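The structure displayed is predicted, hence computed values, not measured ones. Letters go in sequence order (proteins before strands), and every chain restarts at 1.
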There are 2 protein chains.
Amino acid sequence: MNNSELEETLKFYFPNIKEESLNTIVKHSSYLKSTKGTTLIPEGKRHHYIYLIVKGSVKSYYLKKSKEVCVWFSLENEIIGTTSTIQGNASKETIELLEDSELIKLNIEKINKLTQTDFSISNLLNNLWEKHAIFLEERLYQLQFMNSYERYEALIKDTPEILQRVSLTDIASFLGVSRETLSRIRAKK
Amino acid sequence: MNNSELEETLKFYFPNIKEESLNTIVKHSSYLKSTKGTTLIPEGKRHHYIYLIVKGSVKSYYLKKSKEVCVWFSLENEIIGTTSTIQGNASKETIELLEDSELIKLNIEKINKLTQTDFSISNLLNNLWEKHAIFLEERLYQLQFMNSYERYEALIKDTPEILQRVSLTDIASFLGVSRETLSRIRAKK
DNA sequence: GATCTCATTTGACAAATGTCACAAAACTAT
DNA sequence: ATAGTTTTGTGACATTTGTCAAATGAGATC
């Protein structure tokens, strides 16, 4: 992927960005192709990048009694990273590729700096945070107000393809139930 | 509360704000004193304000089978509002005073506008979103990884005074358990 | 195609939590 | 202080979900 392709792709993710800001961002971006299972951001390490998923899928997880528990999944066209990364702290979660994927890697520190001098960037970051907060609120709502069956229904209604692309073990932990319980939810249906 | 007191209080909440932005915000703020049980933001209505809690406490809740289920509590020195409000949509939750309270009411639309022209405001909003996202992530983590006993422990460790100021019924729904279960958790201790 | 490995399903049982009914305690107003 | 109201606690039982063990299924490798 050359610079002008990179630019095109970035425009897709950041439609209202100023030409000048785009150039600055391109300077601090790179294209990345990697295989299933690759760790993008390891737990406990400082990490300076956020990623745009061009192709593939990614999960974020914590370890609980040496078992992975998923916090989120992301597919194409999403922007991913961890809150700690953006704040400059060590990541609490591990971010890992679920499939062979293509990504664009952005230096978050450079972007954070642009925030001080470029309104289109600071608004862009504001929008990212807003979207992230809305995602978290929706998820919290589901965990607090829906039973496991309803949460499963909501997930496959929202992202039907998740079933083809993510293991039921990961989906179960994301929904907050054991593998076996998810299996029974699906059998009852 | 006169304008210069208002200004002082706002400075406490927004320590790095530019003098000029502060003046603009003061113009679109007002002081508010109201009694326990008052609805600050009703569910289903568009609302144009966020609030700073000078004194008192506030809860946010949804209705589930005509029972209130708490989403969050806030005490003094916190900034509150709903995501929908900030985005200009109807609020999904009801925000209500838990005690007689004193608040400062800020027009969020004016503040959102300042975001386009004033970096100290856009950074301020960015910080608010960040803090909110971190709060939500922590809460999500607790719901997904801790059992009800651990969540109760975490709450009273984080905010011990909550027990004196919020009913156990509200606390139970916030923790995602029934009143009776919370009662038993407390008895076992 | 046979074998191996890993993911998923199923059964049996235990543990946690919800629900309903009622008792005890704390708080209000007179 | 008393009566009434609201909040909190407790017991009995039903339901949901977790855990462990084993069986089945699907995909990869040779």
Without hydrogens or angle criteria, can the side chains of B:H28 and B:E109 be said to hold a donor-acceptor pair below 3.5 Å?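 Not at all, the side chains of B:H28 and B:E109 share no donor-acceptor pair under 3.5 Å.
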Decide yes or no on side-chain hydrogen bond (donor to acceptor under 3.5 Å, both in side chains) for A:E43 and A:S91, but give the supporting numbers first. CA-CA 5 Å; A:E43 185 202 321; A:S91 174; over 6 Å; no
Would you mind telling me which of [options] lies closest to the side-chain atoms of [X]?
X	options	value
B:V177	C:dC20, C:dG18, D:dG9	C:dG18
B:L168	C:dT8, D:dG9, C:dT9	D:dG9
B:R184	D:dG11, D:dA21, D:dT8	D:dG11
A:A187	C:dT10, D:dG9, C:dC20	C:dT10

So, is the end of the B:R151 side chain (NZ or CZ) under 6.0 Å from the ring centre of B:F174 and within 45° of the ring's axis?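 No.
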Cationic tip of A:K59 within the cone over A:F73's six-membered ring, i.e. under 6.0 Å and within 45° of the normal?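 Not flagged: A:K59 not positioned over aromatic ring of A:F73.
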For a quick check of understanding: with a heavy-atom distance under 4.0 Å over all strands, which category does B:S178 fall into, base, sugar-phosphate or nothing?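 Base: the residue B:S178, judged by heavy atoms under 4.0 Å, touches a nucleobase.
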Reckon B:S183 touches a base, only the sugar-phosphate, or nothing at all at heavy-atom distances under 4.0 Å?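 The answer is base, as B:S183 lies within the cut-off (heavy atoms under 4.0 Å) of a base atom.
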Rounded distance in Å - CG (A:L182) to P (C:dT9):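 Rounding to the nearest Å, CG of A:L182 and P of C:dT9 are 7 Å apart.
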Taking CG from A:L143 and C1' from D:dT16, how many angstroms apart are they, rounded to a whole number?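 Answer to the nearest Å: 16 Å.
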Quick one: is D:dT7 close enough that its OP1 or OP2 comes under 4.0 Å of any side-chain N or O from B:R179?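 Looking at the OP1 and OP2 atoms of D:dT7, neither is under 4.0 Å from any side-chain N or O of B:R179.
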Is there a side-chain polar atom (N or O) of B:T181 under 4.0 Å from OP1 or OP2 of C:dA16?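 For C:dA16, OP1/OP2 do not have a side-chain N/O of B:T181 under 4.0 Å.
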Closest-nucleotide 5' rank along DNA chain D - winner of A:E180 and A:S148: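 Taking each residue's closest nucleotide, the earlier one in sequence belongs to A:S148.
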